[in-house]
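These notes are about the structure you will find just below.
We name chains A, B, ... by the order of the sequence lines, and we start the count at 1 in each one.
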Amino acid sequence: MSKYQPREFEGEIMELWEKEQVYRTEDGIRNNKSGNKMYTLSMFPYPSGAGLHVGHARIYTGTDVLARFMRLQGISVLHPMGWDAFGLPAENAAIKAKKNPMDMVPGNITTFKKQMKSLGLSYDWSREFSTTDPAYYRWTQWLFQQFFKMGLLYKKNTPIHFCPSCKTGLAEEEVLANGTHERCGKPITKKDLPQWIFRITTYAERLLSDLKGLDWPEGILTMQKNWIGKSEGVELDFKVDGLDETIRVFTTALDTIYGATFMVLSPEHPLISRLRGHISNVKTSGEKSKLTEVDEYIEKAEKKTDIERETENKDKTGVFTGLYCINPFNNGRIPIWIADYVLMGYGTGAVMGVPGHDARDYQYAIKYGLVVKPVIKPDTMAIRTDIKSDGFWNYEEIKAKYAEKSVLCNSDSYDGLSSLQAKEKMTVFVENQKIGKRKINYHLRDWIFSRQRYWGEPIPMVFCQSCKDKGISWWDTDEGKKFNKKHHNISKVDQNIQVEMQGWFPIVEKDLPLKLPYVQSYEPTDTGESPLSKMTDWKKTTCPHCGKHAIRETDTMPNWAGSCWYFLKFASPDKDSSTNIFDSSGVLPTSRDIPSRKNIVDSSEHPWRKEDIKKWLPVDWYLGGAEHAVLHLLYARFWVKALYDLGLLDFSEPFLRLRNVGMVLAEDHRKMSKSFNNVVNPDDVIGEYGADSLRVYEMFMAPFNMEIFWSTKALQGGYRFLNRIWQIYNSPDKINGRDDKNDKTDTTKIVVSLYKTIQKVGSDISQTKYNTAIAAMMEFLNEWEKQGESLPYQEAKKFLVILSPFAPFIAEKLWRDIYKETKSIALSTWPKIEKKDIVDDTVHIPVQVNGKVRGVVSVPHDIKQSDLEKLALEQEGIRKYIEGKSYKTIYVAGKILNFVLNR
RNA sequence: GCGUCAAUAGUCAAGAUGGAAACGACGAGAGACUUAAAAUCUCUUCCCGUAGGGGAUCGCAGGUUCGAGUCCUGCUUGACGCACCA
């Protein structure tokens, strides 16, 4: 009997799979029923120099198990893999290594691919591409241009988050809560730079409401909801006392307006500059003039970094302007303050201070001695001072506790109304007086899309000063007019954007891809300009509209661009798909001369063939880490919605089912990191125990979405399990009637167990409950190993099939060796189990006395209650608790019998 | 502060709909094989008892129920996310 030595055959099996093209996507050939497809996708990796991580192995194996299972169900499966190779991590690594990223990425990809193959992942490699491949980013650029044409992109000078270490601007989402950059961990500052900005906010409502139909983890849905942060309220104007100015505020609690005892402006509020003259007239008792006081405060506030604002979080500061405004409801005069706890970026940048019900306003009022006036109380309370001794009652809290039973007070004619009634009535008043309107605000901000870095898709736009001077925008051109006409159904391009974007033109389509030039100096600059801006020759071009001198955009796209639509391209690869990015030796052509493949794409209209998209999309199963909850997953949803509006797609949500994978932490319970010297390399593990052991271990250790701690000991458990399988298939007395082609069999006890196992494994896999599926197989194996148990030859074959999604190498090996099969097990069929084959005739009913189990009776499954009771009472162990006492019985058919003694 | 999720044996974990708590793995102990070790196999592994058997137990405290790990209320601890969003 030979020993289980995976090293000896895994490589050979891998070659067989490749030779036989086992994992090539079958476009619905095996089952022509429409809709019988499955698109299983793992979030594709950025191919780092460190190679594949055991954490990667977990995601990819999890997706692979699904893909293999679906194939065995006879479903056509699309299971692709590619590379998200643009972006900061690749570039920072390249800078560190003093190499051009273009020269580094190909080698990394080669390593990743080799490692993935050795893991036994069943990808259709013919669909592979990298986001850095010009044939792919040609279309990323093309899509950018479509979004520009829709009016979803504009370029504007904006104060943005800037990472001084990476020397680039960042999106809101890339800044961590502690004010550092999510990629490099260094602190972030603000910088005023011209930026391409995506108007993702125009899709806020749809991004929010479409979450409803998605089968995603609850936590991720909540995070997206919170990130979009919808709040409904009212905007209304407060007159500045004695001046012809108004202050517009946004509030979600209009019912508290009688409690507004002060007004707060954000330090960046534009009104302040107009008020300066009046502020300088204010008399003060101090040495400084009021204006100096205000100016000093504003200057200090502007200098604060995000981190400073963060640490000072709770200690609010501000300055009184000496001016007043008028509450439109009661004409009360309230003081105007400037404070940096009010943000310019949200609402109107001005807030009515209601210290009676808002915790922040309360804190501020206490510090500066402002009036605290509660205006909502529980209806059972007579006087307002009883509400709380200090006069403050959190708005949310009072509503949560008293709901409809909280009423207004101190609010003139609104007194006694419920919060809800008052809010509605007051809103109507605001509307009638024409001093404001209902308004919905979102926390979601527009998406800063420029990066001042080298390693990204060049933004395919050209700026023409001459056209700008003449006030010509792209929408004034023939092409632009045609576009507007064709897409008049979608939101009309904003006039402001048309003006703002005068002089900007997409480079003509036939010139795509606009290739990233190979440069000597690709390091980011200190000026916050892209390294491409130093390439004067490359920058120079002609205006697509007027033909005069024009300048190329030199910013590049963020790494999110490529991942926003890669799942579409997998479904519809370039026709000449043999143009793999690898040549036969596995070495990339030097990137200096990667051929442009624009000529092999047949359509000038679409980056994909519609029938392919129809066949495969949307993605049925999307597996990846939870860290993308509001980055990639939000951006990709946004692009798909925009593409839907353009008529390029006929669905508007890309990922129907999302599952998160838990992290793989090191044995010492820390994150795996080079600096802790605790990284486990999958190559080493595969070398020693085989890929199957690694796969089984990672699927078995915990539920798929939970984090696991690496344990080599536990991994050996996986190896032992496979070893026992190897031994049992090689034991003459464990499998009956070898070479018997006749698959008729008695349903002996062990066979029934097998059938139950088959059913459990199937249902567990489709719920990504891999750990319990494996436990069930182990349980079955334990039973099969018992002395005297053996399986008929054809039945034992079925066990290999259900094992194969988890341990494809050993399953394939035994499939071919023991059963002499020549066609891969991956292309076989999941065993069908009839319900009648797994029904037990005898059931075991636990018998309780007062809820405690005192015995078990084995009876026919359809026994009558009276017979069951009789049998139960025959048991000494049960009878002794009941004898001579009065009782009643509760019987749950097939489950439990309970005797309840009367007290 | 807000939101989401979690807590079961020495460790990782199973336990959908309330109905036998602890499937499976790791570790530990004993034994078999071996000159020996590793590997492999067998048994034990909450507490008491040689055993039949009995008792306890699911973060803590209550409650609902014939019956609660599961439902409800309050609390504790931890993880993740958001955070001056008006």
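- Considering only side-chain N and O atoms, A/S231 lies under 4.0 angstrom from the phosphate OP1 or OP2 of B/A86.
- At a threshold of 4.0 angstrom between heavy atoms, the contacts of A/N441 with the nucleic acid are absent.
- Shown here, B/A9 forms no base pair; nothing in the strands shown gives a Watson-Crick or G-U wobble contact with both key distances under 3.5 Å.
- Across all strands shown, B/A30 pairs with B/U42; the Watson-Crick or G-U wobble distances both stay below 3.5 Å.
- To the nearest angstrom, P of B/A25 lies 9 Å from CG of A/L781.
- B/U77 and B/C23 are spaced 28 Å apart, taking the C1' atom of each and rounding to whole Å.
- Between B/C84 and A/K316, no contact under 4.0 Å exists linking OP1 or OP2 to a side-chain N or O.
- Relative ring orientation between A/Y341 and A/Y364 is described as tilted, the plane-to-plane angle lying within the 30° to 60° band.
- With rounding to whole Å, A/M777 atom CE is found 14 Å from B/C23 atom C1'.
- Nucleotides B/A13 and B/C26 are separated by 10 Å at their C1' atoms, to the nearest Å.
- Between A/R438 and A/E232 no salt bridge is recorded (no basic side-chain N to carboxylate O distance below 4.0 Å).
- At B/G67, none of the side-chain N or O atoms of A/Y891 fall inside 4.0 Å of OP1 or OP2 (strictly under the cut-off).
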Requested in this report: Between protein and nucleotides 3-21 of chain B, map the contacts as a letter string: B base, S sugar-phosphate only, - none, heavy atoms under 4.0 Å, written 5' to 3'.
Outcome: SS-------SSSS-B-BB-
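- Closest to the side chain of A/R720, from the set B/U40, B/A86, B/G53, is B/U40.
- A ring-centre distance under 6.0 Å is not found for A/F262 and A/W337.
- Regarding A/E627, its CD atom lies at a distance of 15 Å from the C1' atom of B/A79, rounded to whole Å.
- No side-chain N or O of A/Y4 forms a donor-acceptor pair with one of A/Q727 less than 3.5 Å apart.
- As a whole-Å value, the separation of A/I338 CD1 from B/C84 C1' is 17 Å.
- No more than 12 heavy atoms of other residues, nucleotides or ligands sit less than 6.0 Å from atom CZ of A/R7.
- In this structure B/G49 sits in no base pair that meets the Watson-Crick or G-U test at under 3.5 Å.
- A/K852 comes within 4.0 angstrom of sugar-phosphate atoms only, judged by non-hydrogen atoms across all strands, and of no base.
- Salt bridge status for A/D215 with A/R659: present, with a side-chain N to carboxylate O gap under 4.0 Å.
- Distance from the side chain of A/V342 is smallest for B/A86 among the nucleotides B/G54, B/A25, B/A86.
- Listed pair A/R854 / B/G53 fails the phosphate criterion, with no side-chain N or O lying under 4.0 Å from OP1 or OP2.
- Using N1 to N3 plus N6-O4 or O6-N4 for Watson-Crick, or N1-O2 and O6-N3 for G-U wobble, each under 3.5 Å, B/G62 pairs with B/C72.
- In this structure, the side chain of A/K769 does not engage the main chain of A/P703 through any donor-acceptor pair within 3.5 Å.
- Summarising the geometry, the separation between CG on A/L634 and P on B/C82 is reported as 13 Å, rounded to the nearest angstrom.
- For B/C2, the paired nucleotide is B/G81, the pair qualifying as Watson-Crick or G-U wobble because both relevant distances are below 3.5 Å.
- Side-chain atoms of A/K437 do not come within 3.5 Å of backbone N or O of A/E235 as any donor-acceptor pair.
- A/Y881 comes within 4.0 angstrom of sugar-phosphate atoms only, judged by non-hydrogen atoms across all strands, and of no base.
- Of all heavy-atom pairs spanning A/L868 and A/V859, the tightest one is CD1-CG1, 3.9 Å.
- Among the nucleotides B/A86, B/A25, B/G54, the one closest to the side chain of A/R724 is B/A25.
- Listed candidates were B/A86, B/A25, B/G53. Nearest to the side chain of A/K880 is B/G53.
- Between A/L665 atom CG and B/A79 atom P there is a gap of 12 Å when expressed in whole angstrom units.
- Within 4.0 Å of A/G347, counting heavy atoms only, lies no atom of the nucleic acid at all.
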